[in-house]
Amino acid sequence: MRAIVVVLVAVIALAGMIGGIPSASGRADGESAPIFGIKIPPGYRDWKLISVAHEEGKLNDLRAVLGNDIAITAYREGKLPFPDGTIIARLAWSYVPSEENNKVFGRPQSFVAGPATNVQFMVKDSTKYASTGGWGFAQFNDGRPADETLLSTCFACHVPVKARDYVFTHYAP
């Protein structure tokens, strides 16, 4: 299991170095997500890693979850609810086999990040987003905000983890 996590972290780091992470750079319009009014936070690609994941099924992607300094401090201290100002970013890429790596290993076993699919943000502001557990939600596809229909489903999806302040991701130290 530890080897899988190490490989995922390496893949995510490599994807970031070669520009595979969806980013705010090149976005001239600075659009914000409908409903919650969230824009892509500047510098989020430099935030610290909270965890990585592989989603199967319909999504079939690799994910990196990053946090701003407030989020990282709260995770490390086990602080719930998360304080206002917390921002959690979830970056996702398609999950593809690595022919190059598999040649080295001599069998198909290596998967890497493919094209970026989207980036999502959760922003904690207990006053502004009181009706959604204190969280605002955003998703950007190729730097453009997802539509209101998609974003209106975010909170309902997070309700089952209310006891963890509506956050699915556990800290992977």
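Note that the structure is a prediction, hence the values are computed from the model and not measured.
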Do [X] and [Y] have side chains that get closer than 4.5 Å, going by heavy atoms?
| X | Y | answer |
| --- | --- | --- |
| Met122 | Val167 | yes |
| His158 | Thr132 | no |
| Cys157 | Phe168 | yes |
| Asn68 | Pro41 | no |

Taking all non-hydrogen atoms of both residues, which atom of [X] and which atom of [Y] are closest, and how far apart?
| X | Y | value |
| --- | --- | --- |
| Ala33 | Pro145 | CA-CB, 3.7 Å |
| Val52 | Leu49 | CG1-CD1, 4.0 Å |
| Asn101 | Ser110 | ND2-OG, 3.0 Å |
| Phe82 | Ala74 | CD2-CB, 3.6 Å |
| Gly133 | Lys124 | O-CE, 4.1 Å |
| Asp61 | Ala92 | OD2-CB, 3.6 Å |

* Structure fact -> Going by chain and number, the hydrophobic cluster around Ile70 (ILVMFWY, side chain to side chain under 4.5 Å) further includes none
* **Residue of the set Phe137, Phe155, Trp135 for which ring-ring contact (aromatic ring centres under 6.0 Å, His included) holds with Phe36** =>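 Running ring-ring contact (aromatic ring centres under 6.0 Å, His included) over Phe137, Phe155, Trp135 with Phe36 returns exactly one hit, Phe137.
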* To do: In sequence, state the C-alpha distance, the side-chain angles, and the governing distance for Glu55 and Arg63, and then conclude on side-chain contact (heavy atoms from CB on, under 4.5 Å).
  => CA-CA 8 Å; Glu55 292 289 329; Arg63 299 169 173 207; 3.2 Å; yes
* Step by step, would you call Ser32 with Ile38 a side-chain contact (heavy atoms from CB on, under 4.5 Å)? -> CA-CA 5 Å; Ser32 61; Ile38 296 168; 5.8 Å; no
Compile the donor-acceptor pairs under 3.5 Å between side chains in residues 83-90 and protein atoms, sequence neighbours left out, one pair per line.
| unit_1 | atom_1 | unit_2 | atom_2 | d |
| --- | --- | --- | --- | --- |
| Asp84 | OD1 | Ser126 | N | 2.9 |
| Asp84 | OD1 | Ser126 | OG | 3.1 |
| Asp84 | OD2 | Ser126 | N | 3.4 |
| Asp84 | OD2 | Ser126 | OG | 3.0 |
| Thr86 | OG1 | Pro83 | O | 2.7 |
| Arg90 | NH1 | Asn118 | OD1 | 2.8 |
| Arg90 | NH2 | Asn118 | OD1 | 3.1 |
| Arg90 | NH2 | Gln120 | OE1 | 3.0 |

* Indicate whether any N or O donor in one side chain lies under 3.5 Å from an N or O acceptor in the other, for Glu100 and Asn102. =>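 No, no side-chain donor-acceptor pair sits under 3.5 Å.
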Distance check, rounded to the nearest 0.5 Å: [X] atom [atom1] versus [Y] atom [atom2]?
| X | Y | atom1 | atom2 | result |
| --- | --- | --- | --- | --- |
| Leu59 | Ser94 | CG | OG | 12.0 Å |
| Phe121 | Leu91 | CZ | CG | 6.5 Å |
| Cys154 | Tyr166 | SG | OH | 14.0 Å |

* Would you list the pairs meeting side chain to side chain donor-acceptor pair (under 3.5 Å) in which at least one residue belongs to residues 71-80, sequence neighbours left out? => Arg76-Tyr171
Among the clusters formed by ILVMFWY side chains lying less than 4.5 Å apart, do [X] and [Y] turn up in the same one?
| X | Y | value |
| --- | --- | --- |
| Val123 | Leu150 | no |
| Val159 | Tyr129 | yes |
| Val65 | Leu80 | yes |

